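Let me begin by presenting the structure, written as structure tokens, before commenting on it.
Note that this is a predicted model, so its numbers are computed, not measured. To find a chain, count down the sequence lines: A is the first, B the second, and so on, and within it residues start at 1. Hydrogens, waters and symmetry mates play no part in the numbers below; they use all other heavy atoms, side chains included.
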There are 2 protein chains.
Amino acid sequence: MPVDRKPDDRPVRTITDLAKLAGVSPGTVSRALAGNSLVNDKTREKIEAIAREHGFRPNQMASRLRRQRTGVIGVIIPLGHEQKQQVSDTFFLTLLGHLADELTEKGYDLMLRRVVPASDEDWLDPFIGSGMIDGVIVVGQSDQFNHLEEVADGYRPMVVWGQHREGQRHCVVGSDNLLGGKLAMQRLVAAGAKRMAFVGDTNAPEFAARYSGANQVAQSFGLTLSELPAHLATSGMTTEVATLMEKAVGNYDGLFAATDLLALACLGELRKLGRNVPEDMKIVGFDDLPIAQQTAPPLTTIRQDIAGGARAIVQLLLRRIAGEETESIVMPPTLVVRGTA
Amino acid sequence: MPVDRKPDDRPVRTITDLAKLAGVSPGTVSRALAGNSLVNDKTREKIEAIAREHGFRPNQMASRLRRQRTGVIGVIIPLGHEQKQQVSDTFFLTLLGHLADELTEKGYDLMLRRVVPASDEDWLDPFIGSGMIDGVIVVGQSDQFNHLEEVADGYRPMVVWGQHREGQRHCVVGSDNLLGGKLAMQRLVAAGAKRMAFVGDTNAPEFAARYSGANQVAQSFGLTLSELPAHLATSGMTTEVATLMEKAVGNYDGLFAATDLLALACLGELRKLGRNVPEDMKIVGFDDLPIAQQTAPPLTTIRQDIAGGARAIVQLLLRRIAGEETESIVMPPTLVVRGTA
DNA sequence: ATGAAAGCGCTAACAC
DNA sequence: GTGTTAGCGCTTTCAT
């Protein structure tokens, strides 16, 4: 039963073709191309020459099937709490870029998948069980914390970017969002704000922790922190924030935005409303994206070390693939004081 | 020669295991799970039940090897002209996000690779010839136009995002950069600018076309357009632009930035130098990234339809995979007038 | 140092 | 409708 395939006129498609041309066995070609075995130098050179001449590349599918390792790391972005959000949130994409860089450097390829997990659905297992990837990086916990816990019990080579909870079972790398929230609130208070609001969606664990940290500090000063629930969907965000800002003006004098993007939107809308930042309203963001330096006034924010996070994720994952156990890593964020608070 | 592997206690790992449990042959299981063949309903249900119970997923590596199709599209980002640039340029990443969305929707997975092609190096062939992907999307031509032409002669399922040149052989989707440049310059002139400069690196074909279009219009008005070569590497960009802006002040009153990111940097640096936009300096950007709305003043820019581009790329690629010939697509950009010019 | 051969797990003729 | 079987292209013992 010949596999039906387009006739390929390339004379040397398989290692066997090449072997015939070189007058050796397929095994020898495999060894020569792999480089590691002890093949006669002349034989190797000859094989390499032919391979180069014909632009031959060993079929990775076959190689990987045989070796039971794929050289591919899956990166999956669950978008549960933000149905509308595309894979286009700047922060995720920046992290993704760094992950690509790190993985490439380590010789792995990166397979990207975006999912909108329905509450009862298996979105992770098909990816993990597909035999296509050696390990998986989950970017953001979304509202899938419990599901991640379950999966982690049966599947070791997984590292998640997100929020760490005491005693959790899945390996996570992320910022200390509680601390970040505290730093943000301390700054707002130091800048003289009295009536504060958190702008963001506290359904995501990361954001909930940011709120919580900020709230703790607020209470310690005898102040309160309101919630202005705003979502990140790129399309609706601006109008949503516009509405929030109309209400916020006069009621608050300090905003802690869950992300820089949100902070930026607040800044823009407040300007439209004729309010001055930081005079009428102090603002602190979160992430320290490159644009935070370029706004007017430049954004006071909490910096997450995205590149460092990517490095840590990949490092932990490779250790897990090698069979090691690993701890989670919580990275301390830092306050960057600029012009908005 | 048993492949050495960790002992897997999962009772049903292969289609054959499952077949034994179900009391049928592997072939039947394969058919049942594939869904398409005519399998007895009872048999199918039984097989599906067992599969679900044991969390069984057919090994994709084997399936793909056998079927000679991978269900994976490669996305590769060549970074030739920007050695330092990571995969973190906002525009590329936004496009990448949309590509991920489109491909996911069509049932394809996305394999991401970042390369820094040395001038003489084969960076595309290894990816194409790896047998891991059914087709490839190249995001940006970088300085590899000629190489892409060569590859296109021998490999059909490839679509490139970038600049279209008359008579080129590789299939490309991209904006009409020449037109974009013209629109930008027309706006600068209409806004009253007299001494203009283009901020960007004209080694990339896209940028060269933007410059060229702008230059044509400038000349038609008897004006000249200088070049301020600035690179996109996220790290060095700000300082580089800072130097350029110091020189620019007083010499120019209108800037056409190759990208919004560059325009943003110009805006920021000019503010630091105490100059007002648009009074002292008109600025037009390119891309219309979401942040362009949020700057102060909001950025006048040339909009590229990134989502539409992604859709077109995927559509063309799938047609090429199916064996069709396809034309290139050039999309008209539009001028978005905001506050900077 | 090289050849021979047995699969990796799955699919699709082909036969019944 | 289901079983049988011959590979997809590669790697790796085992034998020489």
Rounded to the nearest Å, what distance is computed from the [atom1] atom of residue [X] to the [atom2] atom of nucleotide [N]?
X: A:I15; N: D:dC8; atom1: CD1; atom2: C1'; result: 14 Å
X: A:L33; N: C:dT2; atom1: CG; atom2: C1'; result: 16 Å
X: B:R66; N: D:dT5; atom1: CZ; atom2: C1'; result: 11 Å
X: A:N40; N: C:dT2; atom1: CG; atom2: P; result: 5 Å
X: A:M132; N: C:dG9; atom1: CE; atom2: P; result: 16 Å
X: B:R64; N: C:dA12; atom1: CZ; atom2: C1'; result: 18 Å

request  = Test for a donor-acceptor pair under 3.5 Å between the base of D:dT13 and the side chain of A:R31, counting only N and O atoms.
outcome  = yes

query = On DNA chain D, nearest-nucleotide positions of B:T28 versus A:G27: which is more 5'?
reply = B:T28

task = Under 4.0 Å between any heavy atoms, over every strand shown, what does A:S30 touch: base, sugar-phosphate, or nothing? Just pick one.
result = base

N/O donor-acceptor pair under 3.5 Å between B:R44 side chain and B:G35 backbone = yes

request  = Say whether, by atom type as modelled, one donor and one acceptor occur between the side chain of A:S328 and the main chain of A:V173 under 3.5 angstrom.
outcome  = no

Ring geometry between B:H170 and B:F145 (parallel below 30°, tilted from 30 to 60°, perpendicular above 60°) = perpendicular

key: Atom pair CD1/OG of A:I77 and A:S142 - distance to nearest 0.5 Å   = 11.0 Å

